[in-house]
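To start, the structure under review is shown below, and the notes come after it.
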Amino acid sequence: MNVSPEFQPYVPKLIERNQVYAAGFDDAELQVQPLRQLAVVACMDSRIDMFEVLGLGHGEAHIIRNAGGVITDDVIRSLCLSQRFLGTREIVLVHHTDCGLQRVDEAEFRDQLAAELGIKPWWSLEAFADPYEDVRQSIQRLYMTPFIPHKEHISGFVYDVTDGLLHEVRLGSDTR
Ligand SMILES: [Zn+2]
């Protein structure tokens with residue numbers, strides 16, 4: 001809870017900006033099925049614009065995001081829909097350096113919540129130390145789930161927040 005004392009809600013500004021956006025709106029012809037048959041799972045980090053990083057246009061890919069870009073049940077839910085109903089065939093995972101989840105100790109976090117709230121979270125925070133290892137874990141989870149039918153084209157990357165470059169992660173290798 002590091003909300004600064006001078007916090008001001010940003011919504012009025014957002015509504016203003018949306019009106020500017022809608023005035024130049026040009027996407028009415030786009031279809032619900034992503035054009036590149038691609039689904040991207042990425043961290044929610046505010047420094048990363050997935051469309052920009054991957055050179056994608058609107059309508060070209062599903063972008064599924066959460067803290068860490070972790071493969072959770074809810075991500076599997078989204079990927080299941082993405083492949084079975086909306087035609088995607090390729091999955092790209094993007095984790096990154098300097099992730100917020102690298103700064104948290106999972107056990108401490110759980111104890112803190114339990115002490116403060118009287119209840120332990122029933123979900124895992126999915127804190128991690130090494131983003132490369134975390135991508136490998138996530139790829140393994142995709143291979144393990146029965147709910148994702150198309151697994152022939154799964155790639156994983158670590159995005160470097162200091163230079164904007166993606167580094168491909170290979171399964172079973174420790175090289176970076
Ligand atoms: Zn992150």
Side-chain angles (χ1 to χ4, degrees), residues 1-3 9-11 13-15 17-18 21 25 27 30-104 106 109 113 121-145 147-151 153-169 171:
M1 309 257 189
N2 295 321
V3 178
Y10 203 59
V11 164
K13 199 77 185 168
L14 297 184
I15 293 168
R17 290 187 176 184
N18 171 252
Y21 169 75
F25 189 70
D27 286 348
L30 293 181
Q31 300 301 305
V32 66
Q33 294 86 358
L35 213 62
R36 304 294 171 211
Q37 296 183 275
L38 169 68
V40 178
V41 182
C43 183
M44 67 184 186
D45 193 281
S46 66
R47 294 165 289 188
I48 307 170
D49 179 330
M50 264 347 294
F51 283 100
E52 229 177 326
V53 166
L54 300 175
L56 290 166
H58 296 165
E60 292 194 332
H62 282 143
I63 312 287
I64 303 160
R65 303 187 72 163
N66 64 24
V70 174
I71 303 300
T72 59
D73 283 347
D74 194 62
V75 169
I76 289 169
R77 176 184 74 90
S78 300
L79 287 172
C80 185
L81 178 83
S82 178
Q83 291 200 347
R84 295 185 73 97
F85 291 94
L86 298 167
T88 66
R89 292 293 177 265
E90 186 170 11
I91 301 172
V92 170
L93 304 183
V94 181
H95 296 202
H96 65 98
T97 60
D98 191 35
C99 186
L101 281 178
Q102 288 171 280
R103 300 174 183 215
V104 191
E106 179 126 10
F109 173 85
L113 287 187
W122 47 87
W123 33 267
S124 167
L125 184 66
E126 305 272 7
F128 63 88
D130 177 357
Y132 289 83
E133 188 45 42
D134 204 51
V135 169
R136 282 185 207 108
Q137 275 292 318
S138 296
I139 293 174
Q140 294 289 7
R141 287 187 191 181
L142 291 177
Y143 285 137
M144 298 295 286
T145 179
F147 299 112
I148 297 171
H150 304 284
K151 304 180 186 188
H153 304 285
I154 296 176
S155 327
F157 298 87
V158 172
Y159 172 84
D160 188 332
V161 297
T162 65
D163 64 12
L165 277 174
L166 290 174
H167 300 276
E168 188 159 10
V169 179
L171 278 186

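For H153, the side-chain hydrogen bond (donor to acceptor under 3.5 Å, both in side chains) criterion is met by no residue, not counting sequence neighbours. By the side-chain hydrogen bond (donor to acceptor under 3.5 Å, both in side chains) test, H95 pairs with D134, sequence neighbours left out. In this structure F25 satisfies the ring-ring contact (aromatic ring centres under 6.0 Å, His included) test together with Y21, sequence neighbours excluded. Under the side chain to side chain contact (heavy atoms under 4.5 Å, CB included) criterion, S124 pairs with E106, E126, sequence neighbours left out. N18 meets the side-chain hydrogen bond (donor to acceptor under 3.5 Å, both in side chains) test with no other residue; sequence neighbours excluded. Under the rule for a side chain to side chain contact (heavy atoms under 4.5 Å, CB included), the partners of L113 that lie at least two apart in sequence or sit in another chain are F109, L117, P121, W123. In this view, T97 and V158, D160, V161 satisfy the side chain to side chain contact (heavy atoms under 4.5 Å, CB included) rule, not counting sequence neighbours. Legend: residues meeting side-chain hydrogen bond (donor to acceptor under 3.5 Å, both in side chains) with S82, ordered by chain and number and at least two apart, are H62, T88.
To the nearest 0.5 Å, atom CZ of residue F51 and atom NE2 of residue H58 are 6.0 Å apart. Taking CG of D45 as the reference point, atom CE of M50 lies at 11.0 Å (rounded to 0.5 Å). Rounding to the nearest 0.5 Å gives a distance of 10.5 Å between CD of Q137 and CG of L171. The structure places CD of E52 at 11.0 Å from CG of L56, a figure rounded to the nearest 0.5 Å. We find the CG-CG distance between D49 and L54 to be 9.5 Å, quoted to the nearest 0.5 Å.
Of the candidates I63, I154, I71, I71 is the only one forming a side chain to side chain contact (heavy atoms under 4.5 Å, CB included) with V41. Of the options V169, I64, L142, a side chain to side chain contact (heavy atoms under 4.5 Å, CB included) to L93 is made by L142 and by none of the others.
A heavy-atom distance below 4.5 Å is found between the side chains of F128 and C99.
Without hydrogens or angle criteria, E168 side chain to F157 main chain gives no donor-acceptor distance under 3.5 Å. Here the side chain of S78 pairs a donor or acceptor atom with the backbone of D74 at under 3.5 angstrom. Looking at D27, its side chain never comes within 3.5 Å of a backbone N or O of L30 through a donor-acceptor pair.
Screening residues 32-44 for side chain to side chain donor-acceptor pair (under 3.5 Å) gives R36-E60 as the qualifying pairs, with residues at least two apart or on separate chains. Within the structure, salt bridge (charged side-chain N to carboxylate O under 4.0 Å, His left out) pairs that include any residue of residues 80-104 comprise R47-D98, D98-R103 (at least two apart or interchain).
Remark: F147 CZ is loosely packed, at most 12 non-hydrogen atoms of other residues, nucleotides or ligands lying under 6.0 Å away.
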Item to complete: Begin from the C-alpha positions of L125 and L101 and carry the test side-chain contact (heavy atoms from CB on, under 4.5 Å) through to its verdict.
Response: CA-CA 8 Å; L125 184 66; L101 281 178; 3.8 Å; yes
Discussion item. Between I76 and R141, is the side-chain contact (heavy atoms from CB on, under 4.5 Å) condition met? List the steps.
Written reply: CA-CA 9 Å; I76 289 169; R141 287 187 191 181; 5.7 Å; no
Worksheet entry | Check against side-chain contact (heavy atoms from CB on, under 4.5 Å), T145 and L79 | CA-CA 11 Å; T145 179; L79 287 172; over 6 Å; no
Item to complete: Please report the C-alpha distance between V53 and V94 in whole Å, then the side-chain angles of each, then the deciding distance to 0.1 Å, and finally whether the side-chain contact (heavy atoms from CB on, under 4.5 Å) criterion is met.
Response: CA-CA 10 Å; V53 166; V94 181; 5.8 Å; no
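The aromatic rings of H167 and Y132 are tilted relative to each other, their planes meeting at an angle between 30° and 60°.
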